[in-house]
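So the structure is just underneath, and the comments pick up after that.
When reading the values below, keep in mind they use all heavy atoms of this one structure, side chains included, and skip hydrogens, waters and symmetry mates. Each chain gets a letter, A, B and so on, in the order its sequence line appears, and its residues count up from 1.
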Number of protein chains: 2
Amino acid sequence: MSSPNPAGVVRAALAEVAKAFGHEHRVELIEQLAQGPRSVEAIAERIGVSVANTSQHLRQLHRTGLVTARRSGKRVIYRLAEASEADIVALLGSLRRVAEHAVASMERVAGEYFHARDRLEPVAAADLAIRLREGSVTLLDVRPADEFALGRLPGALNIPLNQLRQRLAELPRDRQIVAYCRGPYCVLSFEAVAELRANGFDVRRFQDGYSEWKAAGLPVEAV
Amino acid sequence: MSSPNPAGVVRAALAEVAKAFGHEHRVELIEQLAQGPRSVEAIAERIGVSVANTSQHLRQLHRTGLVTARRSGKRVIYRLAEASEADIVALLGSLRRVAEHAVASMERVAGEYFHARDRLEPVAAADLAIRLREGSVTLLDVRPADEFALGRLPGALNIPLNQLRQRLAELPRDRQIVAYCRGPYCVLSFEAVAELRANGFDVRRFQDGYSEWKAAGLPVEAV
DNA sequence: GGTAAATTCAATCTATCAATTGAATGATGT
DNA sequence: ACATCATTCAATTGATAGATTGAATTTACC
């Protein structure tokens with residue numbers, strides 16, 4: 001009789017995991033870590049929060065068992081707990097789907113900003129995998145160069161969104177382009193598709209992002 | 001430019017939904033409502049929390065958009081927001097999968113208490129649906145009678161767990177029995193299977209529960 | 001061994017949240 | 001209209017979480 005009330009323990013565990021996701025900073029931390037391992041400093045800089053504060057939130061995620069830490073030289077590298085990585089990305093997806101209908105502010109954003117969604121002809125992961133194998137598309141990664149360096153879809157070309165306008169010449173006009181960034185609500189790829197279409201390219205948007213591709217066990221490249 | 005930073009809005013929305021799940025009571029409220037609409041009083045009594053407190057938590061879920069309320073005579077009946085119902089049940093599942101690996105206390109419970117899981121030969125929803133259509137199994141609902149009355153799998157026989165021992169005669173010995181209760185970690189069906197096996201019945205466990213069956217759009221019966 | 005850099009710890013203050021109580025509201029039935 | 005019941009609101013208290021600061025650890029590198 002070491003566990004007095006299994007149903008209660010399970011509920012407490014669910015609530016604990018939910019609490020870990022219950023702060024905007026931590027959601028962002030998890031989104032970052034879903035792309036791959038990062039040091040405290042690297043994450044703090046990217047999300048614009050003090051190092052000490054970032055460290056606190058990471059410790060909390062660690063306590064809940066969502067992330068693991070290892071030392072590498074001077075830095076501590078955090079990553080999503082390996083056993084849960086795919087489940088955590090799936091959980092982010094579940095939260096997003098619920099929020100889409102439930103939370104008023106998000107419904108508005110989803111409506112306003114992503115209204116163009118259907119027109120961008122999103123490509124599903126399975127389709128994209130097939131077309132990559134066929135070699136029938138050019139993959140465009142519009143994330144910042146440092147994120148690209150840490151991991152990307154196989155064969156992707158990296159043109160960060162803010163350089164896109166100057167580097168249009170690097171893109172093919174005779175093949176379809178599929179643009180992606182971090183995840184399904186990452187804005188970069190939306191803007192990239194809009195920009196490229198305005199310039200006459202045949203371009204579609206990958207409906208998920210790097211995190212989901214990786215979590216699905218599909219092949220990735222790194223330096 | 002009505003939404004200044006879409007990614008931020010999305011993250012805030014996710015965190016808000018997560019917060020709503022970030023308390024044991026609210027997880028239990030949601031689990032209850034996943035079975036069907038209930039009044040404040042009915043829920044409060046079942047989960048053993050004061051009516052006032054239950055009302056507060058329900059109001060919070062309402063603010064987040066997870067539940068809707070309507071008046072019916074003296075009572076206010078809450079239910080999961082229709083547009084999100086299936087997504088909410090899926091979110092509970094995601095939380096559970098993450099917690100299983102991440103949260104130490106739950107891992108222990110999952111190990112200790114549900115170790116017998118495989119031996120109970122869980123039946124998946126799709127399989128169960130087929131076998132019900134064939135009429136090749138007897139379905140046993142071991143939840144309390146009031147929950148059964150509010151909704152159940154088609155053709156199920158209700159014997160609440162605490163009456164099971166006295167009512168074994170009502171169960172067939174020449175057909176397989178499939179027992180279910182509220183959800184995948186609901187203890188009732190685990191105990192029912194154990195009890196029935198000890199008495200020589202051919203019995204398996206439905207791996208999900210009423211909530212999941214209903215959320216999957218499979219047919220249900222009610223009074 | 002000593003110094004510098006990255007991270008964590010400890011302590012503090014503030015804000016938010018949970019639970020409780022009693023009063024208020026809204027609907028019902030006489 | 002009045003009494004009653006279910007629920008909500010408002011106000012209070014205690015508990016918890018977040019941000020911030022500076023000191024303490026841990027490791028790297030000389």
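With a heavy-atom cut-off of 4.0 Å to chain A, the contacted part of DNA chain D has its first and last nucleotide at D/dG18 to D/dA28.
Residue B/S39 is in sugar-phosphate contact alone, with no base atom involved, counting any heavy-atom pair closer than 4.0 Å across all strands shown.
Taken to the nearest 0.5 Å, the CG atom of A/L140 stands 12.5 Å off from the CZ atom of A/R205. To the nearest 0.5 Å, atoms OH (A/Y78) and OG1 (A/T68) are separated by 9.5 Å. To the nearest 0.5 Å, atoms CG (B/L128) and CG (B/D208) are separated by 9.5 Å.
The distance between atom CD1 of B/I77 and atom C1' of C/dA27, rounded to the nearest whole Å, is 13 Å. Rounded to an integer number of Å, the gap from B/H57 NE2 to C/dA18 C1' is 6 Å. Taking atom CG of A/N53 as the reference point, atom P of C/dT8 lies 13 Å away to the nearest angstrom. Counting to the nearest Å, the P atom of C/dT28 and the NZ atom of B/K74 are 9 Å from each other.
At least one side-chain heavy atom of B/F21 sits less than 4.5 Å from a side-chain heavy atom of B/L92.
A donor-acceptor pair is defined here as one N or O able to donate and one able to accept, closer than 3.5 Å; such a pair exists between the side chain of A/E212 and the backbone of A/G209. When atom types are taken as modelled, the side chain of A/Q60 and the backbone of A/A20 share no donor-acceptor pair closer than 3.5 angstrom.
Each of A/Q56 and A/R75 has a nearest nucleotide on DNA chain C; the 5'-most of these lies closest to A/R75. Each of B/R59 and A/R71 was matched to the nucleotide of DNA chain D holding its nearest heavy atom; the match closer to the 5' end belongs to B/R59.
The 12-atom threshold is exceeded at CZ of B/R167, counting heavy atoms of other residues, nucleotides or ligands nearer than 6.0 Å. Few gaps surround CD on B/Q163; more than 12 heavy atoms of other groups in view lie less than 6.0 Å from it.
Residues from residues 11-33 of chain A lying near DNA chain C, meaning a heavy-atom separation below 4.0 Å, are absent.
Contact annotation: A/S55 does not reach the phosphate of C/dT7 (side-chain N/O to OP1 or OP2, under 4.0 Å).
Between A/R46 and A/E28 no salt bridge is recorded (no basic side-chain N to carboxylate O distance below 4.0 Å).
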